Amino acid sequence: MDAQPAPPLPAAFYDRPVTEVARALIGCSVSHGETAGVIVETEAYHQSEAACHAYVGVTRRTATLFGPPGVAYVYRSYGIHAMLNAVCEPEGVGAAVLIRALQPLAGLGLMRARRGPLADRQLCSGPGKLTISLGIGLDLNQSSLVDGPVQMHAPSASWREPAVDVDRRIGITKAAELPWRFVARNSAWLSRPVARA
DNA sequence: GTATGGATCTTCT
DNA sequence: GAAGATCCATACA
């Protein structure tokens with residue numbers, strides 16, 4: 001709690017292969033207003049595979065994915081849930097990292113006010129949950145992760161670089177076999193345990 | 001504790 | 001008109 005926030009990750013951080021960024025984001029933190037959490041679970045999406053929205057090409061919906069790196073891509077899924085992604089790779093390439101789960105770090109009271117009287121581990125253990133807890137809505141689509149309302153920060157000094165497990169992605173039907181899900185090993189805050197050790 | 005089905009809206013064909 | 005990267009409540013063992 002006393003941890004002074006490090007400077008936000010620069011746009012260059014996201015200007016790399018999306019799988020590298022997805023792995024590097026494990027242990028980083030996301031903040032929005034009073035609320036913040038440590039990223040413990042991510043998935044990579046790239047225009048070269050069918051599960052990615054950008055697979056179909058540039059549309060009005062996916063334009064953000066093809067934009068410059070270091071920008072938030074927020075969209076609605078199943079008509080109900082907002083999903084937070086970080087756009088990666090150079091402008092013109094459709095790729096993003098989906099933030100699937102957080103370890104709550106700050107503003108837990110505000111999270112409960114938004115979500116209800118839930119246990120800590122239920123506040124951000126899912127892509128649709130964490131956006132509600134952090135108050136992230138569709139209006140934040142295309143906002144900068146470097147100097148916008150939602151920011152991502154490098155791991156605090158006390159965070160030991162965790163072992164990262166790789167797994168298949170969740171909840172998709174196409175290209176489901178790609179090992180593009182990255183999680184912090186032995187974390188208790190995941191949306192779902194790793195399939196195989 | 002595990003399993004199944006419903007809710008709800010934006011975007012694209 | 002249909003599909004989609006989900007979450008929650010309810011039913012049953």
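These figures come from a predicted structure and were not determined experimentally.
- In terms of heavy atoms, A:W189 sits closest to A:L102 at CB-O, 3.8 Å.
- With sequence neighbours left out, the salt bridge (charged side-chain N to carboxylate O under 4.0 Å, His left out) criterion links A:R114 to no other residue.
- Between A:E41 and the options A:K129, A:R181, A:R23, a salt bridge (Lys or Arg N to Asp or Glu O under 4.0 Å) holds for only A:R181.
- Other members of the hydrophobic cluster containing A:L178, listed by chain and number, are A:W180; membership follows side-chain contacts under 4.5 Å among ILVMFWY residues, whether direct or relayed.
- Pairs of Watson-Crick or G-U wobble type, with distances under 3.5 Å, assemble into runs of 3 or more in DNA chain C at these ranges: B:1-7 with C:6-12, B:9-12 with C:1-4.
- In this structure, A:E89 has no salt bridge (charged side-chain N to carboxylate O under 4.0 Å, His left out) partners at least two apart in sequence or on a different chain.
- For A:R169, the side chain to side chain donor-acceptor pair (under 3.5 Å) partners two or more places apart in sequence, or in a different chain, are A:E49.
- Atom CG in A:N85 sits about 17 Å away from atom P in C:dG4, given to the nearest Å.
- For A:K174 and C:dA3, the NZ to P distance is 10 Å, given to the nearest whole Å.
- By the rule that hydrophobic residues join a cluster once side-chain heavy atoms approach within less than 4.5 Å of another member, A:L140 and A:L130 end up as members of one cluster.
- Side chains of A:P179 and A:D167 form no contact here, defined as non-hydrogen atoms less than 4.5 Å apart.
- If you measure from atom CD1 of A:I99 to atom P of C:dT6, you get 15 Å, rounded to the nearest angstrom.
- Nearest approach of A:S133 to A:M111, heavy atoms of both residues: O-CG, 3.6 Å.
- If you take CG of A:L130 and P of C:dA5, they are 17 Å apart, rounded to a whole angstrom.
- Within the 4.0 angstrom heavy-atom criterion, base atoms lie near A:I80.
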Validation: residues 63-86 of chain A side-chain donor-acceptor distances under 3.5 Å, sequence neighbours left out:
residue: A:Y73; atom: OH; partner: A:H53; partner atom: ND1; Å: 3.1
residue: A:R76; atom: NH1; partner: A:I80; partner atom: O; Å: 2.9
residue: A:N85; atom: ND2; partner: A:Y73; partner atom: O; Å: 3.2

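- Residue-level contact check: A:R115 touches the backbone only, with heavy atoms under 4.0 Å from sugar-phosphate atoms and none from bases.
- Partners of A:R115 by salt bridge (charged side-chain N to carboxylate O under 4.0 Å, His left out), not counting sequence neighbours: none found.
- Taken residue by residue, residues 58-69 of chain A places heavy atoms nearer than 4.0 Å to DNA chain B at A:T59, A:R60, A:R61.
- Annotation: side chain of A:L190 is in contact with side chain of A:V40 (closest heavy-atom distance under 4.5 Å).
- For DNA chain B, the outermost nucleotides in 5' to 3' order that have an atom under 4.0 Å from a heavy atom of chain A are B:dA7 to B:dC12.
- Applying the salt bridge (charged side-chain N to carboxylate O under 4.0 Å, His left out) rule to A:R121 yields no partners; only residues at least two apart in sequence or on another chain are considered.
- Atom OH of A:Y75 and atom P of C:dA5 are 7 Å apart (whole Å).
- Both A:Y14 and A:V18 belong to a single network of hydrophobic side chains, linked directly or stepwise wherever heavy atoms of I, L, V, M, F, W or Y lie under 4.5 Å apart.
- If you measure from atom CZ of A:R192 to atom P of C:dA5, you get 17 Å, rounded to the nearest angstrom.
- Near-neighbour residues of DNA chain B inside residues 30-52 of chain A, defined by a heavy atom below 4.0 Å, are absent.
- Regarding A:I170, its CD1 atom lies at a distance of 8 Å from the P atom of C:dT6, rounded to whole Å.
- Not a single donor-acceptor pair, N or O on each side, falls under 3.5 Å between the base of C:dA5 and the side chain of A:H81.
- Atom CG in A:L123 sits roughly 13 Å away from atom P in C:dC7 (whole-Å rounding).
- A donor-acceptor pair under 3.5 Å links the side-chain atoms of A:H32 to the main chain of A:L134, judged by distance alone.
- In this structure, A:L138 reaches neither bases nor backbone, as no heavy-atom distance under 4.0 Å exists between it and the strands shown.
- The line from CG of A:D120 to OG of A:S125 is 10.5 Å long, rounded to the nearest 0.5 Å.
- Here the side chain of A:T131 pairs a donor or acceptor atom with the backbone of A:G128 at under 3.5 angstrom.
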All N/O pairs under 3.5 Å across the protein-nucleotides 9-11 of chain C interface:
none

